[in-house]
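Structure, as structure tokens:
Proteins come first, then strands; the chains are lettered A, B, ... in the order of their sequence lines, and each starts at number 1.
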Amino acid sequence: MIDVRLFRNDADRVRAALARRGKPDIIEQLDRAIALDVRAREISTERDNIRAKVNELSKKVGQARRDGDSAAADEAQAASRALGDDETRLAAQADEVHEQLREVLLRIPNLPHPDAPDGAGDHDNPLVKGPLQMPAEFAAHQRVPHWDAAAELGILDNDRATKIAASMFTMQRGAGAALARALCQLALDRNADAFEEVRPPTMVSTATLTATGHLPKFADDAYAIERDGLWMIPTAEVPLTSMYAGEILDEAQMPLRLMAYTPCYRREAGSAGRDTRGMLRSHEFDKVEILALATPEQAPALLHELVERAEKTIASLELPYRIIEICTGDMGQSHHRSFDIEVYAPGCDSWLEVSSVSWFSDYQARRADIRFRRTGQKGTEFANTLNGSALAVPRVWAAIVENHRQADGSVVIPAALRPYMRGLERIAP
RNA sequence: GGAACGGUGGCAGAGCGGACAAAUGCAGCCGCCUUGAAAGCGGCCGGCUCGCAAGGGCCCGGGGGUUCAAAUCCCUCCCGUUCCGCCA
């Protein structure tokens, strides 16, 4: 969440920054938060003054008892008891206002970075690089949607996935399953030089899902295990970000770099019925995520590093791609600045989002309470968090099947993946 | 799932109604001493929050309660350890 001090000190600046997101209700929420914050401080001060008196009187009672002056003790005790009702009432009020403030704050999105481009929606996202590795022309055999191409090869069996689970689940078979696994291996190996591999839980607590910004606003998008108070993770970002929740890091150990392969679970509540064919959208998919906990100074360079790492992995798969920056109107709630990498899929004739890299400033760290201490200095600051998909399997899988499809219907495996596929060079029927 | 015992500062570990933000040790910081270091000596050494400041409030796993006063008593939840049960 955003820092209350930001709008206490300069409400206009915060209002202007949030206005760039183009959602009027956000400004209403902000003004509500500002009013609640003023009220909360008033009540808290009042409550604290009464508490100070009670504490003082209580000390007097103790002292008088020790001195054997029971008359003075009784008097102070009675005086303190008289303050009890006021204290109880004010404390309840203060708690209530604080809770209201928190509820509002949790729903206010992050401030966009000054360099983030203005825009109303995804059609305004500017191209920052590419298209790269784009052939002059696609052959007719590449213009076959991957669901058809894959069915021919027997590597995708969504009908049976639907039978076993529900619609919008996918199932890869044979070389298709190996391809999905190989992509994860590749992404992990390409980043193992700088990132610690983690195998985190894929079910997490409500607090954990709140820290990254997925709750309370987006509860409908996540799978809930209500009986046990747990949620299925929508991305490894969730457990990795909260690994250091409530902890204070040393500046010397930063940036902390983590990566994880995990399955990701999404209800796709807002897009049910869309992209139902093939591998474009599903309730469960595999992804390798890379993430950093950094100081504010380290963050900009890390953002570019994460983008570059994701880009290089896509490039190694010999796929046509481009990089776009997300404009203020299309940014996620927690995002400060973000970039997407899109791969062109000739069979579907569309650009598929295969990686999203974002910088969250201290927005998530504040929710998760991840702080750091500068070397030799007192006090703590909130860390900055950044993360990105090193590789999201299904759409890359689809793009490989479409781009690398040959005239005979077989699919050539990019050289970078062959070591992970027992040397397989081509998937043939 | 059942039983017992626990959860206190960076770590270890006292405290078990009042003088406790909390002994003591270790680690850390500053100074003295020293050619340098170690040892020794002296001092400092948690976080959050309100306030221009003086100063105030909160935090001893979370939440609730009893009391003039709670780390300390009661309830409840969570987590840990050990034993039993079950299990890959």
Side-chain angles (χ1 to χ4, degrees), chain A residues 1-11 33-103 105 199-211 215 225-231 239 242-254 256 293 362 365-383:
Chain A
M1 60 197 132
I2 62 171
D3 186 355
V4 290
R5 266 168 299 206
L6 283 177
F7 59 68
R8 260 182 222 162
N9 297 338
D10 194 352
I34 292 171
L36 283 168
D37 177 54
V38 171
R39 178 109 182 87
R41 277 182 291 163
E42 282 168 6
I43 300 176
S44 301
T45 304
E46 231 179 304
R47 177 204 58 197
D48 287 353
N49 288 339
I50 292 185
R51 280 191 181 164
K53 277 182 208 150
V54 170
N55 287 342
E56 194 186 323
L57 286 165
S58 295
K59 277 193 182 121
K60 211 176 275 180
V61 174
Q63 189 60 48
R65 286 270 143 77
R66 260 170 271 119
D67 296 346
D69 187 349
S70 61
D74 289 345
E75 192 185 328
Q77 193 167 318
S80 180
R81 191 174 1 214
L83 294 170
D85 287 347
D86 282 348
E87 201 275 341
T88 307
R89 199 190 75 245
L90 285 165
Q93 272 181 35
D95 287 351
E96 198 190 319
V97 176
H98 274 116
E99 187 45 43
Q100 287 172 7
L101 176 60
R102 185 181 139 79
E103 285 293 323
L105 283 176
R199 204 349 295 223
T202 56
M203 292 161 73
V204 299
S205 68
T206 299
T208 297
L209 201 62
T210 304
L215 290 178
I225 317 287
E226 277 181 64
R227 185 162 68 162
D228 298 291
L230 293 168
W231 303 78
S242 284
M243 272 177 67
Y244 290 89
E247 301 190 28
I248 299 173
L249 307 169
D250 287 331
E251 185 184 12
Q253 67 186 122
M254 297 167 82
L256 236 53
L293 301 178
D362 62 1
R366 194 177 298 280
R367 287 168 163 249
D369 189 24
I370 305 166
R371 289 171 289 163
F372 74 99
R373 202 187 312 270
R374 291 188 189 274
T375 309
Q377 286 187 32
K378 285 180 73 81
T380 58
E381 285 175 51
F382 286 105

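Summary of the strand contacts: A/Arg5 and A/Arg51 both lie near RNA chain B, and taking for each the nucleotide with the nearest heavy atom, the more 5' one is attributed to A/Arg5.
To the nearest 0.5 Å, the span separating CG on A/Asn49 from CG on A/Asp86 amounts to 12.0 Å. Here A/Gln93 contributes atom CD and A/Glu42 contributes atom CD; the two are 11.0 Å apart, rounded to the nearest 0.5 Å. One finds the CG atom of A/Leu105 at 10.5 Å from the NE2 atom of A/His98 (value rounded to the nearest 0.5 Å). Residue A/Glu247 holds its CD atom at 13.5 Å from OG1 of A/Thr380, rounded to the nearest 0.5 Å.
B/rC41 and B/rG31 make up a base pair, with Watson-Crick or G-U wobble contacts both under 3.5 Å. In this entry B/rC58 has B/rG47 as its Watson-Crick or G-U wobble partner, both defining distances falling under 3.5 Å. Remark: B/rA21 base-pairs with no nucleotide; criterion is Watson-Crick or G-U wobble with both hydrogen-bond distances under 3.5 Å. Pair assignment for B/rG6 gives B/rC79, based on Watson-Crick or G-U wobble hydrogen-bonding distances that are each under 3.5 Å. When both distances must be under 3.5 Å, the Watson-Crick or G-U wobble mate of B/rA53 does not exist.
Contact annotation: A/Asn49 side-chain N/O to B/rG57 OP1/OP2 distance is not under 4.0 Å. Residue A/Arg47 places none of its side-chain N or O atoms closer than 4.0 Å to OP1 or OP2 of B/rG56. A sub-4.0 Å separation between OP1 or OP2 of B/rA69 and a side-chain N or O of A/Arg81 is absent.
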task: Go through A/Val38 and A/Arg41 one step at a time and tell me if the side-chain contact (heavy atoms from CB on, under 4.5 Å) criterion holds.
output: CA-CA 5 Å; A/Val38 171; A/Arg41 277 182 291 163; 4.2 Å; yes

field: A/Glu251/A/Glu381 under side-chain contact (heavy atoms from CB on, under 4.5 Å): CA gap, chis, key distance, verdict
entry: CA-CA 10 Å; A/Glu251 185 184 12; A/Glu381 285 175 51; over 6 Å; no

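Only the P atoms considered, B/rC11 is 34 Å distant from B/rU66, to the nearest whole Å. Here the separation of B/rG56 from B/rA19, taken at their P atoms, is 16 Å to the nearest Å. Rounded to whole Å, the separation between the P atoms of B/rG7 and B/rC58 comes to 24 Å. Nucleotides B/rA14 and B/rA71, compared at atom C1', are 12 Å apart to the nearest Å. Spacing of P atoms, B/rG51 relative to B/rC32, comes out at 40 Å, to the nearest Å. For B/rA69 and B/rG1, the P atoms lie 38 Å apart once the distance is rounded to whole Å. Comparing the same atom, P, in B/rC74 and in B/rG17 gives a spacing of 11 Å after rounding to whole Å. Nucleotides B/rA22 and B/rU72 are separated by 12 Å at their C1' atoms, to the nearest Å.
Here A/Thr45 lies in heavy-atom contact (under 4.0 Å) with sugar-phosphate atoms only. Counting non-hydrogen atoms under 4.0 angstrom, A/Ala52 reaches the backbone sugars and phosphates but no base.
Remark: C1' of B/rG28 and CD1 of A/Ile248 are 15 Å apart, rounded to the nearest angstrom. Separating the CD atom of A/Gln253 from the P atom of B/rG10 is a distance of 14 Å, rounded to the nearest angstrom. Protein atom NZ of A/Lys53 is 15 Å distant from nucleotide atom C1' of B/rG55, rounded to whole Å. Across the protein-nucleic acid pair, A/His98 atom NE2 and B/rC48 atom C1' stand 12 Å apart, rounded to whole Å. In this structure, A/Asp85 places its CG atom 12 Å from P of B/rU67, rounding to the nearest Å. Between the P atom of B/rU49 and the CG atom of A/Asp48 lies a distance of 14 Å, rounded to the nearest Å. Between the P atom of B/rA27 and the CG atom of A/Asp250 lies a distance of 17 Å, rounded to the nearest Å. In this structure, the CG atom of A/Asp95 is 7 Å from the P atom of B/rG64, given to the nearest Å.
Taking the side chain of A/Val54 as heavy atoms from C-beta on, and the options B/rU49, B/rA69, B/rG57, the nearest nucleotide is B/rA69.
Within 6.0 Å of CD in A/Glu226 there are 12 or fewer heavy atoms belonging to other residues, nucleotides or ligands. Counting heavy-atom neighbours within 6.0 Å of A/Arg102 CZ, excluding the residue itself, gives a total of 12 or less.
In terms of heavy atoms, A/Leu36 sits closest to A/Val97 at O-CG1, 3.6 Å. In terms of heavy atoms, A/Leu230 sits closest to A/Ser205 at CD2-N, 3.9 Å.
The closest side-chain heavy-atom distance from A/Asp362 to A/Arg366 is below 4.5 Å. Contact annotation: the side chain of A/Phe382 never approaches that of A/Asp3 to less than 4.5 Å [non-hydrogen atoms, C-beta and beyond]. The side-chain heavy atoms of A/Arg65 and A/Asp74, taken from C-beta on, include a pair separated by under 4.5 Å.
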Which atom pairs link the protein and nucleotides 51-54 of chain B when you take only N or O atoms and keep those under 3.5 Å?
| residue | atom | partner | partner atom | Å |
| --- | --- | --- | --- | --- |
| B/rG51 | OP1 | A/Arg41 | NH1 | 2.8 |

Would you tabulate the nitrogen or oxygen pairs shorter than 3.5 Å linking the protein to nucleotides 18-21 of chain B?
| residue | atom | partner | partner atom | Å |
| --- | --- | --- | --- | --- |
| B/rG18 | O2' | A/Arg66 | NH2 | 2.9 |
| B/rG18 | N2 | A/Ser58 | O | 2.9 |

Nucleotide N/O to protein N/O under 3.5 Å, stretch nucleotides 73-76 of chain B:
none

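Although no hydrogens or angles enter the test, the distance criterion places no donor-acceptor pair under 3.5 Å between the side chain of A/Arg47 and the main chain of A/Ala91.
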